[in-house]
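First listed ligand is number 1; within each ligand, the first listed atom is number 1.
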Amino acid sequence: MPVGNDIEQAITFLNLGQLVAIPTETVYGLAANAFDADAVTRIYHAKNRPRFNPLIIHTDSLDKLRNWGLVLPEKMIQLAHYYSPGPLTYIIPKSDRIPEIVTAGTQGVAVRIPNHPLTLQLLSRLDYPLAAPSANPSGFISPTNAWHVNEQLGEHIAYILNGGECKVGIESTIISFLNPVPEILRHGGISVEDIEKIIGPVSDPLRNNADLPINEINPVSPGLLAKHYAPKHKLIYGDIPKYLAYFKPERTGIIAFSSVYESVPVRNQFVLSMNRNLDEAAQKLFAAMRDADKLDVDVILAEKFPDTGLGRAINDRLKRAGTLD
Ligand code: TXA
Ligand code: MG
């Protein structure tokens, strides 16, 4: 599959209704012209994604969104001032210009301005937005480099725009403005604390129920199913020392914040940030989950991270990947 950093190539394929993988600061996206319903259909096919799960549209400016008939809520504009381009997605009322297939028939559309130089350059050349879910088959871990994309979806993609390793490494935070009180639908690259600093208190069912299993928290977004990431190995998330007693250390993989476990072979351990920096840990999480899944082990044990800042998004992804302790 052609992989490169040629924006002209990417534009040519997108104009033809083909799929192009794009780098963003969060994860790689599988992009198509959002105004071309046939092209968007190709995204659903390639990912084997259920049709009820809507897609985020990506562009490079708020003015383009306005030109496409979207009315931007005041609090969205305030947030965008600080965090766009960036890892934040806004759900706002859709306009007639946005095809039903993009929003899966719902009244809201998800919009984001990603912060990656190549992709911003690409978007600035387009007069249509790019519909782009994460570039992984439905139910798998999101890709944080071009190689991850090629490995799992290469055969379906006309061109992979290679923008290196994703700097944030975890998907965007999703905030909905469809009701009077803004609501967090997914924890991600911008922390809830940072959002509340700008627009005041938001509703956040996931934060308020952090200790509940995901499926006991009302599904707030059509795509936010409890089981999102399906590692091949059993993954247990919680108190590692407690679980180490039940498994053979040499047959155990570990994903930890900063701790190293003496009884477990070093090659089976993924330490995400020696100096306990949650941003660094988030950046490395998905690659570690992929690599841990390739180990010849019986189980992967993952630590619970501090429930603050990007730690919430990390815990969310681990919780969805595994069995809660
Ligand atoms: O960081 C990201 O957001 C990446 C990059 C490529 O931008 N994209 C991404 O897309 O994570 P995806 O499709 O893997 O996840 C988007 C989530 C899904 O859970 C989907 O259900 C939700 O956003 N979503 C999209 N449109 C929505 C809408 N109109 N209403 C509610 N939820 C929506
Ligand atoms: Mg995804």
S.K.: What do you reckon, does Pro114 put a non-hydrogen atom under 4.0 Å from ligand 1?
M.R.: no

S.K.: Does any N or O of ligand 1 fall below 3.5 Å from an N or O anywhere on Ser134, backbone included?
M.R.: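 Looking only at distances, the answer is yes, because the N/O contact criterion of under 3.5 Å is met.
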
S.K.: Does some non-hydrogen atom of Leu55 fall short of 4.0 Å from ligand 1?
M.R.: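 Under 4.0 Å: yes for Leu55.
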
S.K.: Could you list the atoms of ligand 1 found under 4.0 angstrom from a heavy atom of Gly29?
M.R.: 6 (C)

S.K.: Whether the side chain of Ser176 engages the backbone of Leu178 through a donor-acceptor N/O pair (distance < 3.5 Å, no angle test) should be reported.
M.R.: yes

S.K.: Among the heavy atoms of Lys94, does any lie under 4.0 Å from an atom of ligand 1?
M.R.: no

S.K.: Taking only heavy atoms of Ser172, which atoms of ligand 1 are found under 4.0 Å from at least one of them?
M.R.: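 Atoms satisfying the 4.0 Å criterion: 1 (O), 2 (C), 3 (O).
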
S.K.: Under a 3.5 Å distance rule, please check whether His116 uses its side chain to pair with a backbone N or O of Gly163 as donor and acceptor.
M.R.: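 Answer holds: yes.
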
S.K.: Do you see a donor-acceptor pair shorter than 3.5 Å between the side chains of Asp204 and His187?
M.R.: yes

S.K.: Enumerate the atoms of ligand 1 whose separation from the nearest heavy atom of Asn53 is less than 4.0 angstrom.
M.R.: 18 (C), 20 (C), 21 (O)

S.K.: Would a hydrophobic clustering, with Ile, Leu, Val, Met, Phe, Trp and Tyr connected at side-chain separations under 4.5 Å, put Leu120 with Leu122?
M.R.: yes

S.K.: Which residues satisfy the side-chain hydrogen bond (donor to acceptor under 3.5 Å, both in side chains) test with Tyr44, sequence neighbours excluded?
M.R.: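 So Tyr44 forms no side-chain hydrogen bond (donor to acceptor under 3.5 Å, both in side chains) with any residue.
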
S.K.: Indicate yes or no: does an N/O atom of Tyr28 lie under 3.5 Å from an N/O atom of ligand 1?
M.R.: no

S.K.: Answer yes if Met274 and Phe270 sit in the same cluster of Ile, Leu, Val, Met, Phe, Trp and Tyr residues linked by side chain heavy atoms under 4.5 Å apart, and no otherwise.
M.R.: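 As far as the 4.5 Å side-chain criterion goes, Phe270 and Met274 are not connected within one cluster.
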
S.K.: Which ligand 1 atoms does Ala110 reach within 4.0 Å, using its non-hydrogen atoms?
M.R.: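 Under 4.0 Å from Ala110, ligand 1 has these atoms: 25 (C), 26 (N), 27 (C), 29 (N).
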
S.K.: For ligand 1 and Arg49, I'd like to know whether there is a polar contact (N/O to N/O, distance under 3.5 Å).
M.R.: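 Yes, at least one N or O pair falls under 3.5 Å.
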
S.K.: Main chain of Asp296, side chain of Arg251: is a donor-acceptor contact present, judged purely on distance under 3.5 Å?
M.R.: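 Such a contact is found between Arg251 side chain and Asp296 backbone.
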
S.K.: Hey, can you pull the donor-acceptor pairs under 3.5 Å for the side chains in residues 33-42, sequence neighbours left out?
M.R.:
| from | atom 1 | to | atom 2 | distance (Å) |
| --- | --- | --- | --- | --- |
| Asn33 | OD1 | Phe35 | N | 2.8 |
| Asp36 | OD1 | Asp38 | N | 3.1 |
| Asp36 | OD1 | Ala39 | N | 3.1 |
| Thr41 | OG1 | Ala37 | O | 2.7 |
| Arg42 | NH1 | Gly17 | O | 2.6 |

S.K.: Between Thr119 and Glu25, does the side chain to side chain contact (heavy atoms under 4.5 Å, CB included) criterion hold? Intermediate values first, please.
M.R.: CA-CA 10 Å; Thr119 293; Glu25 79 282 30; over 6 Å; no

S.K.: Measure from the Mg ion (ligand 2) to each N, O or S atom of Ser138 and report whether any distance is below 2.8 Å.
M.R.: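 Of the N, O and S atoms in Ser138, none lies under 2.8 Å from the Mg ion (ligand 2), which means no.
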
S.K.: Numbering the atoms of ligand 1 from 1, which are under 4.0 Å from a heavy atom of Thr26?
M.R.: 1 (O), 2 (C), 4 (C), 5 (C)

S.K.: Check ligand 1 against Pro133 and write out every atom of the ligand that is under 4.0 Å from a heavy-atom position of the residue.
M.R.: 10 (O), 12 (P), 13 (O)

S.K.: Pull out every atom of ligand 1 sitting under 4.0 Å from any heavy atom of Gly108, numbered as shown with elements.
M.R.: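 In order of number, 29 (N).
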
S.K.: Evaluate the side chain to side chain contact (heavy atoms under 4.5 Å, CB included) criterion for residues Thr59 and Leu130: first the C-alpha distance (whole Å), next the side-chain angles of each, then the deciding distance (0.1 Å), finally the verdict.
M.R.: CA-CA 7 Å; Thr59 188; Leu130 293 178; over 6 Å; no

S.K.: Under a 4.0 angstrom heavy-atom cut-off, which atoms of ligand 1 come close to Thr106?
M.R.: 29 (N)

